[in-house]
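Computed from heavy atoms alone, side chains included, the values below leave out hydrogens, waters and symmetry copies. Read the numbers this way: they start at 1 and go in the same order the structure lists the ligands and their atoms.
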Amino acid sequence: MRMSRLLAPTLREVPGDAEIASHQLLLRAGFIRRVSPGVYNFLPLMERVVRKVAQIVREEMDRSGAQEVRMPILCPADLWQQSGRWGAYGKEMFRLKNRHERDELLGPTHEEVVTAIAREEVRSYRQLPLNLYQIQTKFRDEIRPRFGLLRGREFLMKDAYSFHVDTADLEREYAAMCDTYTSIFNRCGLATRAVESDVGAIGGSAAHEFMVIVDTPGGECDILYSDACDYAANVERAETRVALPTYTPTDAAREKVHTPAIRTVAEQAAMLGIPVDQIVKTVVTLATWFDGPEGKPRHQAVVAVLRGDLKLNLVKLQNHLGCHELRTASDEEVLSHTGVVPGFVGPFDLPRGVLLVGDRSVETMRDFSTGASEKDMHYIHASWSDACRPASVADLVQAEAGMPCPRTPGGTLRATKGIEVGNTFKLGTKYSKAMGATFTTAEGGEEPFVMGCYGIGVTRTAQAAAEACHDANGIAWPVAIAPYHLVIIPANPKDEAVVAAAEQLYAQAAKAGIEAVIDDRDERAGVKFKDADLIGFPYRITVGKALAEGKVEFKPRLASEVATLPVDSVIDHVAGLVREATSGAPAPAPVLA
Ligand code: ATP
Ligand code: MG
């Protein structure tokens with residue numbers, strides 16, 4: 001490609017709405033242009049990067065034995081009504097009516113459509129296992145589209161779905177997919193780490209997210225990892241080991257005490273002269289389910305109780321309740337649902353219809369202090385009784401950096417950030433049961449398919465590479481997904497010998513299978529260097545004064561020094577480097593700082 005012909009409109013100014021480096025750089029270097037929030041034009045350089053990521057994904061999925069298909073973007077609502085998600089999916093789904101007033105949607109994900117394929121086309125255990133995937137545009141009306149391609153409303157995803165006779169076979173495929181994902185991201189030049197994740201709205205029993213670890217604001221996901229073992233989890237689901245309480249309980253009888261103007265557990269502990277872990281604190285939340293095919297909302301006030309020194313994790317509570325939405329109640333809502341002013345709600349004397357749910361930390365607590373469900377009053381010496389105890393108990397603790405590792409005694413959780421580029425879910429029979437997708441077993445019975453699903457954000461991965469690999473001057477693309485491998489810069493476009501040599505190198509590069517751009521613009525060398533660094537070509541050859549001695553300058557994008565190489569062998573040298581970088585060699589092991 002000739003730079004003079006390439007549509008790569010570079011910008012000098014950083015566009016105002018771009019908050020993170022990769023988004024700014026993709027705009028400045030002329031890779032993308034915004035059309036509307038979360039919707040972008042991919043200019044030629046971006047299209048090349050995205051195609052390369054998609055191709056690596058395709059090759060590795062094919063290698064794993066998965067089969068590529070194409071499902072529709074425009075999907076009928078009835079499949080989603082069968083699974084129950086037409087109501088449950090919420091506002092992220094783009095819904096529309098066709099000319100016959102039928103409900104349709106733009107696919108945000110394809111569990112329903114693929115389960116219907118299996119239901120219609122797969123009859124027998126002999127046809128299993130089966131893994132179907134597609135690389136396709138997805139639509140999600142994200143509440144906050146941001147960070148360029150990292151969170152778009154229209155984006156490219158690879159989604160794969162596997163079908164099995166039993167969970168043992170799902171486990172096998174799940175492990176194989178995790179290996180495939182590691183190969184994919186390694187080949188893209190990205191070090192990733194698999195972390196345990198929340199199963200969220202997709203449902204199922206276990207899930208992992210593949211994170212590109214970045215210590216920049218682009219890392220939207222908070223990750224906790226152990227300094228003592230390989231435990232790592234999204235903070236949404238991370239576990240910890242809760243220390244034993246510090247106080248010795250007595251058998252004193254429950255008593256109501258006057259505690260005016262108390263709002264926090266710290267104030268409560270100070271006023272009562274007790275440690276915070278002798279307090280059972282309450283958090284009033286509002287849960288919503290969307291029931292039936294039409295998703296009629298049903299609300300429930302839920303009071304969560306946990307030990308005073310711990311924080312509530314709303315995601316864990318939502319999963320425990322199995323509700324579709326959950327939020328903490330406002331002061332007015334606390335009053336209207338419990339009849340008590342905020343700060344004094346307690347587990348005893350709650351109005352009928354309010355659900356009490358406990359964290360494990362409170363299960364065996366006794367002789368504790370808690371709200372007396374009356375303004376300016378708290379109980380002391382309270383204990384659970386047959387009349388009052390949580391309806392159910394689960395791990396609801398928000399784990400934080402500095403808390404103990406849940407797996408290894410003595411280990412501590414540390415925090416880092418990541419971009420989720422892919423994820424894997426063990427779905428089990430959630431969709432196959434709901435949609436009546438069954439197969440005939442070897443014994444002649446009918447069983448629902450056991451399923452897994454596996455996503456990769458192709459466009460998100462492309463930008464994540466720029467977020468992980470850049471410097472002050474621009475992007476530094478990993479060779480395997482760079483839009484072009486090499487830029488050839490004739491330093492002085494007026495010097496005929498220089499231009500002729502540069503053109504010859506350009507022709508040689510094409511023959512050697514190197515994707516090269518020749519910067520044939522009538523610009524100063526400094527301008528060309530700046531643009532080359534901004535765009536992020538992995539290798540640069542500059543033809544200049546050294547040509548008189550048969551030499552050219554060679555520089556990998558992040559090298560601090562320029563090397564002088566013979567003009568006759570420089571293309572062989574680059575070809576060797578490109579071959580090495582695109583051969584699927586594993587990237588270095590991820591380092592968590
Ligand atoms: P997130 O937590 O970031 O919203 P998700 O859990 O909704 O992601 P999935 O539904 O599992 O993601 O989608 C699979 C993959 O698609 C994700 O791992 C991510 O790489 C990508 N992805 C999801 N949402 C977007 C988006 N709005 N823009 C770009 N890529 C996305
Ligand atoms: Mg999402």
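- The number of heavy atoms from other shown groups lying within 6.0 Å of CD (E13) does not exceed 12.
- Set against the non-hydrogen atoms of G422, the atoms of ligand 1 under 4.0 Å away are 18 (O).
- Taking the six-membered ring where tryptophan is involved, the planes of Y454 and Y181 are perpendicular, since the angle between them exceeds 60° and thus also 30°.
- Summarising the contacts of atom 18 (O) of ligand 1 with K138, E420, R460, the nearest heavy atom is found in E420.
- For ligand 1, the atoms closer than 4.0 angstrom to any heavy atom of G152 are 26 (C), 27 (N), 28 (N), 29 (C).
- Across the listed options I419, N423, V212, L156, N423 owns the non-hydrogen atom lying nearest to atom 6 (O) of ligand 1.
- For CZ of R95, the number of neighbouring non-hydrogen atoms (other residues, nucleotides, ligands) closer than 6.0 Å is greater than 12.
- Looking at ligand 1, you'll find an N or O of R140 within less than 3.5 Å of one of its N or O atoms.
- Using cut-offs of 30° and 60° on the angle between ring planes, the pair H23 and Y40 is perpendicular.
- Near V421, with a cut-off below 4.0 Å to any heavy atom, the atoms of ligand 1 are 18 (O), 20 (O).
- Heavy-atom contacts from other residues, nucleotides or ligands closer than 6.0 Å to CG of D471 number more than 12.
- Judged by distance alone, with hydrogens and angles left aside, the side-chain atoms of D222 form no donor-acceptor pair with the main-chain N or O of L224 at under 3.5 Å.
- The distance criterion of under 3.5 Å between nitrogen or oxygen atoms is not met by G455 with respect to ligand 1.
- At a 4.0 Å heavy-atom cut-off, ligand 1 does not touch E209 at all.
- Side chains of T288 and H299: a donor-acceptor N/O pair is present below 3.5 angstrom, by distance only.
- Under 4.0 Å from ligand 1, heavy atoms of R151 appear from its side chain as well as its backbone.
- Applying the 4.0 Å criterion to heavy atoms of L149 picks out, from ligand 1, the atoms 29 (C).
- With a 4.0 Å heavy-atom cut-off, ligand 1 is reached by no atom of T461.
- Distances below 4.0 Å separate heavy atoms of E142 from the following atoms of ligand 1: 24 (N), 26 (C), 27 (N).
- Around atom NZ of K417, more than 12 heavy atoms belonging to other residues, nucleotides or ligands sit under 6.0 Å away.
- Both tests pass for R48 against the ring of Y484: distance under 6.0 Å to the centre and angle within 45° of the axis.
- Residue M157 approaches ligand 1 through these ligand atoms, each under 4.0 Å from one of its heavy atoms: 13 (O), 14 (C), 16 (O).
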